[in-house]
Number of protein chains: 2
Amino acid sequence: MEDKTCHGVEVAIDAMAGKWKPIILFHLMENKVMRFNELKRSIPNITQKMLTSQLRELEYHHIVHRKVYPQVPPKVEYSLTDYGQSIIPILKSMQKWGTSHFEHLNKNDKEQARE
Amino acid sequence: MEDKTCHGVEVAIDAMAGKWKPIILFHLMENKVMRFNELKRSIPNITQKMLTSQLRELEYHHIVHRKVYPQVPPKVEYSLTDYGQSIIPILKSMQKWGTSHFEHLNKNDKEQARE
DNA sequence: TGCTATAGTATCCAAAATGATACTATTGTA
DNA sequence: TACAATAGTATCATTTTGGATACTATAGCA
């Protein structure tokens, strides 16, 4: 009872680990619905391959929905599923902490420089 | 204004990404103070090298405090710093979401099997 | 004397994640 | 006719992570 298991944390890591997934999810959270290239343009350094593969994995986890319009040139829209919205608290806490951590690191660097 | 930047998320990923860091942090959150080998025993598959290196990185980010007792055999205690406590909301939201996501995946697997 | 325990390092290797680049099909437009 | 735009794949190369293993020092104990 004393040491709660970290199993949940491991599952979460498994579903959203990687350099890109939280970023992709953040954009979908902010913009609701985005086309493939729109996502690509909002994430400057991502390659097509990475964007595709990360979206596929998120789809597999039912976090992201993929809607294909049968037209040419292709149109594919991505969005968080209803279920996927449940991941928003993680994204928000990461965003909040990360922003303040950035300031923390900066402050510390400046203090070091002064010595 | 419309598209909030994901910079915070990137910083957070940078500080706590990896297979082990969130797990280590979770244990420190639960147990407050842990010796090196105590941590190692609570994380079954981690190697000494990974535990050491991940702790060092967390120390670098001022999230984890390392207290060395000058004695032999060595005694080193790890704990979250006051500052490091600020990361707890991320850990808790990951733990919560991960736990329910695990059930979600299970439920879905069973439904697939029934078809 | 030889063994255990602790908290590490050092070195080498394997595997996983990511990146670069070229390629696809089809429609509309200049 | 040639080119742009879309949402991809396929292939290969590189980088990053992580793992296995052997090694260290020293006190206390049998």
Side-chain angles (χ1 to χ4, degrees), chain A residues 6 9-28 31-61 63-80, chain B residues 6 9-28 31-61 63-80:
Chain A
C6 61
V9 174
E10 294 180 57
V11 174
I13 292 172
D14 217 63
M16 57 179 299
K19 188 173 165 184
W20 301 114
K21 289 207 197 80
I23 296 174
I24 294 170
L25 291 172
F26 185 83
H27 284 288
L28 291 179
N31 297 99
K32 310 297 182 196
V33 176
M34 296 178 83
R35 294 183 61 172
F36 183 84
N37 268 359
E38 197 182 348
L39 262 170
K40 189 161 182 306
R41 277 188 292 267
S42 350
I43 308 178
N45 296 312
I46 200 169
T47 60
Q48 217 149 352
K49 177 189 150 189
M50 286 315 294
L51 182 53
T52 307
S53 72
Q54 302 305 290
L55 283 168
R56 290 292 184 285
E57 293 179 23
L58 291 168
E59 221 190 321
Y60 169 83
H61 281 275
I63 296 167
V64 159
H65 175 67
R66 175 167 179 265
K67 179 167 187 184
V68 183
Y69 293 82
Q71 58 182 52
V72 168
K75 175 176 178 184
V76 179
E77 284 179 347
Y78 290 93
S79 55
L80 292 182
Chain B
C6 62
V9 174
E10 294 181 57
V11 174
I13 292 171
D14 217 63
M16 56 178 301
K19 187 173 165 184
W20 300 115
K21 288 206 198 82
I23 296 174
I24 294 171
L25 291 171
F26 185 83
H27 284 288
L28 291 179
N31 297 97
K32 310 299 181 193
V33 176
M34 295 179 84
R35 293 183 62 173
F36 183 84
N37 269 358
E38 197 182 349
L39 263 170
K40 189 160 181 306
R41 277 188 294 266
S42 348
I43 308 178
N45 296 312
I46 200 169
T47 60
Q48 216 148 354
K49 176 188 149 189
M50 287 314 293
L51 183 52
T52 306
S53 73
Q54 302 305 289
L55 282 167
R56 290 291 185 286
E57 291 180 25
L58 291 169
E59 221 191 318
Y60 169 82
H61 281 275
I63 297 168
V64 159
H65 175 66
R66 176 169 179 263
K67 179 166 186 186
V68 183
Y69 292 83
Q71 60 184 51
V72 168
K75 175 176 177 184
V76 180
E77 285 180 347
Y78 290 94
S79 55
L80 292 181

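Since we're looking at a predicted model, the values are computed, not measured. Order of the sequence lines fixes the chain letters, A, B, ..., with proteins taken first and strands second; residue numbering starts at 1 for each chain.
- Between the P atom of C:dG8 and the CG atom of B:Leu55 lies a distance of 8 Å, rounded to the nearest Å.
- The distance between atom CG of A:Leu51 and atom P of C:dA20, rounded to the nearest whole Å, is 15 Å.
- Relative to the side chain of A:Arg35, the nucleotides D:dA7, C:dG19, C:dT9 differ in distance, and D:dA7 lies closest.
- Listed nucleotides: C:dG8, D:dG8, D:dT6. Nearest to the side chain of A:Pro74: D:dT6.
- Taking every side-chain heavy atom of A:Thr52 into account, D:dT9 is the closest of D:dT9, C:dA7, D:dG18.
- Atom NZ in A:Lys67 sits about 14 Å away from atom P in D:dA7, given to the nearest Å.
- As a whole-Å value, the separation of B:Gln48 CD from D:dA22 C1' is 11 Å.
- In this structure, B:Tyr69 atom OH and C:dA5 atom C1' are separated by 18 Å, rounded to whole Å.
- Look at NZ on B:Lys40: it is 12 Å from C1' on D:dA20, rounded to the nearest Å.
- Take the nearest nucleotide of DNA chain D for B:Pro73 and for B:Asn45: the residue whose nucleotide is more 5' is B:Asn45.
- With a 4.5 Å cut-off on side-chain heavy atoms, B:Ile23 and A:Glu10 count as touching.
- Side chains of A:Leu28 and A:Leu58 form no contact here, defined as non-hydrogen atoms less than 4.5 Å apart.
- B:His27 has its side chain within reach of A:Cys6: a pair of non-hydrogen atoms, C-beta onward, lies under 4.5 Å apart.
- Looking at B:Phe36 and B:Leu55, their side chains come closer than 4.5 Å, going by heavy atoms from C-beta outward.
- Note: CE (B:Met50) to C1' (C:dT9) measures 15 Å, nearest angstrom.
- Heavy atoms of B:Tyr78 sit under 4.0 angstrom from primed sugar atoms or phosphate atoms, though from no base atom.
- Taking atom NZ on A:Lys75 and atom C1' on D:dG8, their separation rounds to 17 Å, with Å as the unit.
- Below the 3.5 angstrom threshold, one finds no donor paired with an acceptor across the side chain of B:Gln71 and the base of D:dA27.
- Comparing C:dG19, C:dA7, D:dG18 by their nearest atom to the side chain of B:Asn37 picks out C:dA7.
- Taking every side-chain heavy atom of B:Lys19 into account, D:dG18 is the closest of D:dA7, C:dA7, D:dG18.
- In the set C:dT6, C:dG19, C:dG8, C:dT6 carries the atom at the smallest distance from any side-chain atom of B:Arg41.
- Remark: A:Arg56 is in phosphate contact with D:dG8, judged by side-chain N or O atoms under 4.0 Å from OP1 or OP2.
- Contact annotation: A:Lys49 side-chain N/O to C:dA17 OP1/OP2 distance is not under 4.0 Å.
- Among D:dT6, C:dA5, C:dG19, the nucleotide with an atom closest to any side-chain atom of A:Thr47 is C:dG19.
- In this structure, B:Glu77 and B:Glu38 have side chains that are not in contact, with every pair of non-hydrogen atoms separated by 4.5 Å or more.
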